[in-house]
Amino acid sequence: MIDQRLLPGREVFRVFHDHHGVARAISHMIIRGAPAIGVAAAMGVVLGLKGTHGSRALRRFAAVARELKATRPTAVNLSWALARMERALQAGLDLPPRELFERLRDEALTIQREDIAANRALGRFGAQLVGDPSVVLTHCNAGALATAGYGTALGVIRAAREAGKKVSVIADETRPFFQGSRLTAWELRKDRIPVTVIADSMAGLVLARGGADCVIVGTDRVAANGDVANKIGTYPLAVLARRHDIPFYVAAPLSSIDFSCPTGDYIPIEERASDELVVIDGQRVAPAGVKARNFAFDVTPADLITAIITERGIIRPPLVRGLASLKSALTKRKAET
Ligand code: MRU
């Protein structure tokens, strides 16, 4: 995996040979972004179960999954991917170690492949919502780096460009990890999509001056009522968008929807080490000993969201109803197969 802590300065790829390494990579944000974390966890399971089978594999899975799941709590993609790997394991319990390894590896690669396909499909749906020309404001990084490839929020922007629309992007820098200025700007520049970075606190002025036509963000977890957890700073952006009458879209693959979570109040919010906030490039930017809180995500209430863009189509308010019909369509499809 590309080490996202070092971008945009250096493009360093890291190779992991066991699930401990993968778990550390997720905790330390070498890899980040909800769908990418899910794919990495699936691959971590493959590494962690190598050489085992039968009941030993089951016991081992419990330990491996526990370690991977403990890395980051907010993105539901992590437990979603682990649950899928567990189903693949259950189905292959009688296989000899080599064949079980291949079965699990294939499942992880399928999750990776399906994520790219989902991003492309939701990108095509979302592109219909993007004007021509238009300026899109985004927060954090919901691009190829945060997924198996292509991206969710940036997938919509990419698809709009591929459809011939003239789209440019305003990227919030996204304190404290700078996913916007370091990663989103890096990706878009590589794709020759015009991007301007602003400090998070500038969004109010930019939107008040009519500087963006819509806001598009990704998500780590969508609750059944349509509340959405995403990178800290997303909620104030949604409030601003409503104040200035600008559409606020959330790009969410099905792997980020948690139908078992009733509302945003039940979404676990990660709090990371305070040094991530008050130490920049080894330099302390607050007096030593001063308390700091570093919440990694916030929750945007459903009523501030104009639409949720999924690979199965666009869900419009009331989101709770749209999500419920999506759930029954998925359950029906599952029963048929
Ligand atoms: O802490 P991060 O960088 O993992 O947070 C990522 C985000 O908040 C993204 O917007 C979200 O995971 C969606 S990525 C397609």
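Between Thr52 and Phe101 the shortest side-chain heavy-atom distance does not fall below 4.5 Å. Put simply, the side chain of Val222 does not reach to within 4.5 Å of the side chain of Asp258, judged on heavy atoms. Residues Ile193 and Val167 form no side-chain contact, since every pair of their non-hydrogen atoms from C-beta on lies 4.5 Å or further apart. Annotation: side chain of Tyr249 is not in contact with side chain of Val156 (no heavy-atom distance under 4.5 Å). In this structure, Val299 and Val228 have side chains that are not in contact, with every pair of non-hydrogen atoms separated by 4.5 Å or more. By the 4.5 Å heavy-atom criterion applied to side chains, Arg32 and Phe177 are counted as neighbours. Between Arg182 and Glu187, the closest side-chain pair of non-hydrogen atoms is not below 4.5 Å.
Here Arg14 pairs with Asp3 in a salt bridge; the nearest charged N to carboxylate O distance falls below 4.0 Å. In this structure, Arg272 pairs ionically with Glu270, as a charged nitrogen and a carboxylate oxygen lie closer than 4.0 Å. The existence of a salt bridge linking Glu67 and Arg24 is excluded, since no basic side-chain nitrogen approaches an acidic carboxylate oxygen closer than 4.0 Å.
When each of Ile26, Val12, Ile31 is paired with Met1, the side chain to side chain contact (heavy atoms under 4.5 Å, CB included) condition holds for Ile31 and for no other. Residue Val46 forms a side chain to side chain contact (heavy atoms under 4.5 Å, CB included) with just one option from Val22, Leu104, Leu100, Asp106, and that option is Leu104.
When the shell of 6.0 Å around CZ of Arg243 is examined, it contains 12 or fewer heavy atoms from other residues, nucleotides or ligands.
Connectivity analysis of hydrophobic side chains (ILVMFWY, heavy atoms under 4.5 Å, direct or indirect) links Leu7 to Ile2, Phe13, Leu145, Leu183, Trp186. Cluster note: Val15 groups with no other residue, as no ILVMFWY side-chain heavy atom lies under 4.5 Å from it.
Remark: the backbone N or O of Ala117 is not paired with any side-chain donor or acceptor of Glu311 at under 3.5 angstrom. Arg60 contributes a side-chain N or O that, together with a main-chain N or O of Gly48, makes up a donor-acceptor pair within less than 3.5 Å.
No side-chain donor-acceptor contact under 3.5 Å links Arg221 and Asn77. For the residue pair Ser274 and Asn294, no side-chain donor N or O sits within less than 3.5 Å of a side-chain acceptor on the partner. Under 3.5 Å, the side chains of Asn225 and Thr263 contain no donor-acceptor pair of N or O atoms.
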**OP:** Take Asn119 and Thr147 through the test side chain to side chain donor-acceptor pair (under 3.5 Å) and record every step on the way to the result.
**Re:** CA-CA 8 Å; Asn119 288 348; Thr147 59; 3.3 Å; yes
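Across Ala88 and Glu107, no two heavy atoms sit closer than the pair CB-CG, 3.8 Å. Nearest heavy atom pair, residue Phe125 against residue Ile309, reads CB-CG2, 4.2 Å.
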Using distance only, find each side-chain donor-acceptor pair of residues 197-210 under 3.5 Å and give its atom names and separation, not counting sequence neighbours.
from   : atom 1 : to     : atom 2 : distance (Å)
Asp200 : OD1    : Glu173 : N      : 3.3
Asp200 : OD1    : Thr174 : N      : 2.7
Asp200 : OD2    : Arg175 : N      : 2.9

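Separating the CG atom in Asp298 from the CG atom in Asp220 is a distance of 10.5 Å, to the nearest 0.5 Å.
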